[in-house]
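See below for the structure under consideration.
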Protein chains: 2
Amino acid sequence: MESEKQKGAPLPTIRRLPSYLRVLRRMQEQGREFISSTQMAEELKLEAIQIRKDLAVTGVEGKCRVGYQVPDLIDAIESFLGWDNLTDAFLVGAGSLGTALIGYQGFEHRGLNIVAAFDTDPYKIGRVIHGKDVFPLDKLPDLARRMHIHMAVITTPAAAAQAVADLLVSADIRAIWNFAPTKIHVPESVVVQNEDLSAGLAVLSVRLAEVLNRSESLEQEA
Amino acid sequence: MESEKQKGAPLPTIRRLPSYLRVLRRMQEQGREFISSTQMAEELKLEAIQIRKDLAVTGVEGKCRVGYQVPDLIDAIESFLGWDNLTDAFLVGAGSLGTALIGYQGFEHRGLNIVAAFDTDPYKIGRVIHGKDVFPLDKLPDLARRMHIHMAVITTPAAAAQAVADLLVSADIRAIWNFAPTKIHVPESVVVQNEDLSAGLAVLSVRLAEVLNRSESLEQEA
DNA sequence: TAGATTGTTAATCGATTAACAATC
DNA sequence: TAGATTGTTAATCGATTAACAATC
């Protein structure tokens with residue numbers, strides 16, 4: 001079954017699929033009909049064999065000598081990710097990051113539709129951000145049920161995140177995309193994706209120190 | 001030597017260190033002197049043994065029966081990540097995401113100091129965002145050299161990112177934190193950290209489909 | 001002492017990479 | 001056909017986890 005296949009897909013594979021989708025969409029705009037794993041590998045600085053392995057989870061088969069049919073592959077990846085249908089979502093925390101995410105056009109092509117924002121700040125409540133209303137947080141459970149929303153984005157400060165998560169769980173939200181810099185605890189039936197920006201910054205910091213050290217020692221040698 | 005140790009640290013370990021730091025700082029605020037790997041594991045829903053392995057890269061040693069000394073560990077992680085000194089950085093692309101990052105207070109505790117922003121949009125140039133000037137992009141190379149900046153954040157649209165990266169490389173920038181949803185190509189001597197938000201969204205989408213399927217089949221059984 | 005904890009060494013697990021047959 | 005490409009099967013690599021001795 002398809003659902004089993006999806007469940008079995010390695011996490012790193014799932015994380016790479018959106019980058020394949022970006023390349024494919026660019027190819028489609030250019031009117032390209034086929035693309036090989038070799039060409040995608042070049043573009044993304046990955047190994048061709050890794051791309052073929054990844055694409056295998058979608059079920060599409062490439063053609064020898066020509067590669068994969070671009071529109072087929074786009075459809076297959078979108079369907080695998082569930083991005084062929086928009087999922088409505090609420091956003092909690094209408095600060096600067098929340099505002100940025102509400103305004104991000106790209107989510108339309110990534111299956112996400114932020115329909116409203118919530119905050120506790122009286123100054124923000126009632127405002128309209130990028131066309132979306134900001135409601136008081138305590139209206140969320142009622143609205144979530146009436147609008148059949150089961151996805152939410154948290155862009156609050158860390159201190160507020162757990163209480164917000166609890167409220168979301170009580171409102172039958174099933175998936176939380178958490179940008180607050182803290183780990184939130186939820187029941188097993190709810191999925192959380194923690195987006196920890198400082199993890200990436202940590203990697204960058206360590207690698208910058210490495211290249212700076214390297215060029216310093218080169219200077220000393222010279 | 002320390003630099004060798006850092007080079008050898010596994011990437012997943014480096015990515016987890018900031019979350020340890022957050023827990024430790026909260027402990028310090030509460031006046032806690034020691035914390036064990038077991039306690040941190042509970043907090044972060046990780047395995048204690050993994051935390052001990054991770055912390056080993058910083059060189060700190062825990063004490064049997066009590067765990068790690070909180071202030072020591074904070075210092076060690078900060079120093080390992082190079083977060084004990086602020087690195088000045090430029091930000092390119094003063095859109096909504098750029099604005100959010102400029103305003104994010106947390107970078108002060110993560111070794112990053114965004115000192116100025118750059119854009120090509122005449123409407124944005126000359127404005128001040130969260131206290132930081134927005135300069136025309138073509139002034140960047142000159143300013144980077146005069147201010148000895150070697151880190152930059154890209155928050156432009158995908159279409160502009162590669163040209164911006166080329167400009168940054170020509171301005172002797174050595175580390176790039178790229179939020180534009182595209183892979184940028186730079187020489188080996190420059191490090192790039194791509195922050196691909198859609199990767200996280202992909203994982204969330206697939207896992208949401210799984211839990212929804214699961215609850216559906218439970219309903220059918222009932 | 002007993003028991004909680006650390007840190008090392010070894011085993012397991014999972015992802016990436018390599019080798020290669022099959023295909024057009 | 002020759003050659004480029006896919007996709008399978010096996011090997012390698014690296015990270016996580018388990019087992020356990022050492023410590024206080």
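In what follows, chains are A, B, ... by sequence order, proteins preceding strands, each numbered from 1.
Separating the NZ atom of A/K63 from the C1' atom of C/dA22 is a distance of 17 Å, rounded to the nearest angstrom. Taking atom CD1 on A/I51 and atom P on D/dT5, their separation rounds to 13 Å, with Å as the unit.
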Only distances under 3.5 Å count here; give the side-chain donor-acceptor pairs of residues 200-207 of chain A to other protein atoms, sequence neighbours excluded, each with its distance to 0.1 Å.
from   : atom 1 : to     : atom 2 : distance (Å)
A/S205 : OG     : A/L201 : O      : 2.7
A/S205 : OG     : B/W83  : NE1    : 2.9
A/R207 : NH2    : B/V192 : O      : 2.9

Under 3.5 Å, which donor-acceptor pairs do the side chains of residues 40-52 of chain A form with other protein atoms, sequence neighbours left out?
from  : atom 1 : to    : atom 2 : distance (Å)
A/E43 : OE2    : A/R26 : NH2    : 2.3
A/R52 : NH1    : A/S37 : OG     : 3.0

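Here the side chain of B/T13 pairs no donor or acceptor atom with the backbone of B/D54 at under 3.5 angstrom. Counting only distance, with no hydrogens or angles, the side chain of A/K63 and the backbone of A/Q69 share no donor-acceptor pair below 3.5 Å. A donor-acceptor contact shorter than 3.5 Å is absent between the side chain of A/E78 and the backbone of A/D75. In this structure a side-chain-to-backbone donor-acceptor pair under 3.5 Å is present from A/T155 to A/V92.
The list of side-chain hydrogen bond (donor to acceptor under 3.5 Å, both in side chains) pairs with a residue in residues 180-191 of chain A, not counting sequence neighbours, is empty. Annotation: side-chain hydrogen bond (donor to acceptor under 3.5 Å, both in side chains) contacts involving residues 156-179 of chain B, sequence neighbours excluded, comprise B/Q162-B/D166, B/W177-B/E195, B/N178-B/N194. Listed by first and then second residue, the side-chain hydrogen bond (donor to acceptor under 3.5 Å, both in side chains) pairs involving residues 98-117 of chain B are B/D88-B/N113 (not counting sequence neighbours).
Ring-centre distance between A/F118 and A/F90: below the 6.0 Å cut-off.
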- prompt: Starting at the 5' end of DNA chain C, what dot-bracket string do you get if Watson-Crick and G-U pairs under 3.5 Å are bracketed, crossing pairs use [ ], other-strand pairs use | and unpaired bases use dots?
  reply: ..||||||||||||||||||||||

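When each of D/dC24, D/dT6, D/dG7 is scored by its nearest atom to the side-chain atoms of A/T38, the top-ranked nucleotide is D/dT6.
With sequence neighbours left out, B/R32 forms a salt bridge (charged side-chain N to carboxylate O under 4.0 Å, His left out) with no residue at all. Partners of A/S96 according to the side chain to side chain donor-acceptor pair (under 3.5 Å) rule, which considers only residues two or more places apart in sequence or in another chain, do not exist here. For B/Q28, the side chain to side chain contact (heavy atoms under 4.5 Å, CB included) partners are B/V70, B/P71, B/I74, not counting sequence neighbours.
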- line: Per-nucleotide protein contact along nucleotides 10-20 of chain D, 5' to 3', at a 4.0 Å heavy-atom cut-off (B base, S sugar-phosphate only, - neither), is B----SSBBB-

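Near DNA chain D, meaning a heavy atom under 4.0 Å away, the residues from residues 65-77 of chain B are B/R65. Of the residues in residues 19-37 of chain A, A/S36, A/S37 come within less than 4.0 Å of DNA chain D through at least one heavy atom, sorted by number.
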